[in-house]
Amino acid sequence: MAATDEGASGAGPGKRSGKRLGERSGKRTGPAARGAFGTKLVQRVSATRAFARVAPLLIPAVDRAVHRLSGGRTMLSTRLLPGVVLHARGARTGQPRHTPLACMPEPDRGTWILVGSNFGRPGHPAWTGNLLAHPEVSVHWQGQEVPVRARLLAGEERAAAWQAVLRFWPPYAAYQQRIEREIRLFRIERR
């Protein structure tokens, strides 16, 4: 996901109409922008095993519906975390796949991090296999289609990104503790 978002102003990578990626109308986005009590409560709930059983069935379906009904402008889950809709091809079938995902914008780099947590369930989410097989994809970000290239992070780069992800959304630590596999992290960049 090319973490940059050029608006009609041609502001350049990482900017949209004079605002950095992840900023809307001068307000911060993501968990830090939400009320402390509400965010802490959602973080606690989202770290539970019960949430991991129910969320994969409900959240993507609701996000797809809201995204479609809003003309691609929003998803329900973006009320708490920034999100994109990943447009990729299936790893085995080559068929188009449209997956709503939370993301961590990296405004200083003009990129985003996608976290393959699968809500703390054992297997890697299918979309991560799709990115490994076909890394040139696109994302829908704040009403715009952005062509991007995904790259699986490893080594020190992954370790640094993982620490940033945990500061951004601490429940990812609970997900990692529950599973044996290493959660895949992808950095997406504009093509």
Side-chain angles (χ1 to χ4, degrees), residues 1 3 29-32 34 38-68 74-106 111-135 137-141 148 150-155 157-188:
M1 115 175 35
T29 60
R34 310 299 181 231
T39 298
K40 292 290 185 191
L41 178 63
V42 171
Q43 287 177 347
R44 266 202 187 129
V45 170
S46 69
T48 66
R49 290 181 189 273
F51 182 83
R53 284 191 298 272
V54 175
L57 303 173
L58 297 178
I59 293 175
V62 170
D63 273 346
R64 277 187 201 96
V66 171
H67 190 258
R68 187 174 47 253
T74 192
M75 295 183 292
L76 187 60
S77 64
T78 60
R79 301 310 310 152
L80 188 62
L81 288 169
V84 298
V85 176
L86 173 67
H87 300 284
R89 290 183 292 141
R92 289 180 290 203
T93 66
Q95 295 297 311
R97 304 287 183 229
H98 309 287
T99 311
L101 300 169
C103 67
M104 184 185 83
E106 298 180 298
T111 59
W112 290 300
I113 297 291
L114 298 180
V115 181
S117 69
N118 205 14
F119 298 97
R121 298 182 310 160
H124 289 290
W127 64 264
T128 67
N130 298 343
L131 287 182
L132 291 172
H134 308 288
V137 296
S138 67
V139 295
H140 206 104
W141 168 257
V148 297
R151 186 169 51 84
L152 180 65
L153 301 182
E157 184 180 28
R158 187 205 178 275
W162 180 247
Q163 291 307 309
V165 163
L166 293 181
R167 285 189 300 276
F168 182 74
W169 193 248
Y172 286 130
Y175 295 173
Q176 185 63 78
Q177 288 175 349
R178 279 202 299 262
I179 56 178
E180 293 180 21
R181 68 178 173 86
E182 181 177 75
I183 291 175
R184 290 175 176 164
L185 298 182
F186 289 86
R187 179 165 282 128
I188 54 176

| field | Side-chain touch P100/H67, heavy atoms, less than 4.5 angstrom | value | no
| Can L86 and L131 be said to form a side-chain contact (heavy atoms from CB on, under 4.5 Å), step by step? | CA-CA 10 Å; L86 173 67; L131 287 182; 4.1 Å; yes
| Can you check whether W141 reaches C103 side chain to side chain, under 4.5 Å on heavy atoms? | yes
| request: Not counting sequence neighbours, which residues clear ring-ring contact (aromatic ring centres under 6.0 Å, His included) with H98? List them please. | output: H87
| said: Tell me if the CZ atom of R181 is crowded by more than 12 foreign heavy atoms within 6.0 Å. | reply: yes
| field | Shortest non-hydrogen contact between L166 and A173, atoms and distance | value | CD2-N, 3.4 Å
| task | Could you check if a side-chain atom of F186 sits within less than 4.5 angstrom of a side-chain atom of L132, using non-hydrogen atoms only? | result | yes
| query | If you measure from OH on Y172 to CZ on R167, what distance do you get to the nearest 0.5 Å? | reply | 14.5 Å
| note | Nearest heavy-atom contact between N130 and A91 is OD1-N, 2.8 Å
| Closest non-hydrogen atom pair between G120 and I179, with its separation | O-CG2, 3.3 Å
| Between W162 and I183, is a side-chain contact (heavy atoms from CB on, under 4.5 Å) present by the stated rule, with each step listed? | CA-CA 9 Å; W162 180 247; I183 291 175; 3.9 Å; yes
| query | Roughly how far, to the nearest 0.5 Å, is the CZ atom of R53 from the OG1 atom of T48? | reply | 8.0 Å
| query | Does P125 offer a backbone N or O that forms a donor-acceptor pair with the side chain of R184 under 3.5 Å? | reply | no
| field | Which atom of T128 lies closest to which atom of G116, heavy atoms considered | value | CG2-CA, 3.9 Å
| message | Give me the atom names and distance for the closest heavy-atom approach of D63 to M75. | response | OD1-CB, 3.4 Å
| said: Contact between R97 and H134 at the side-chain level, heavy atoms closer than 4.5 Å - yes or no? | reply: no
| note | Rounding to 0.5 Å, atoms CZ (R64) and CD1 (I59) come to a distance of 12.0 Å
| R158 side chain reached by V165 side chain, heavy atoms, under 4.5 Å | no
| Can you check whether N118 reaches W127 side chain to side chain, under 4.5 Å on heavy atoms? | no
| Is Y175 close to V115 at the side-chain level, that is, under 4.5 Å between some pair of heavy atoms? | no
| note | Rounded to the nearest 0.5 angstrom, the CD1-CZ distance for I113 and F168 is 11.0 Å
| Under a 4.5 Å cut-off applied to non-hydrogen side-chain atoms, are L114 and V139 in contact? | no
| Short side-chain to backbone donor-acceptor contact, R178 and A47, under 3.5 Å | yes
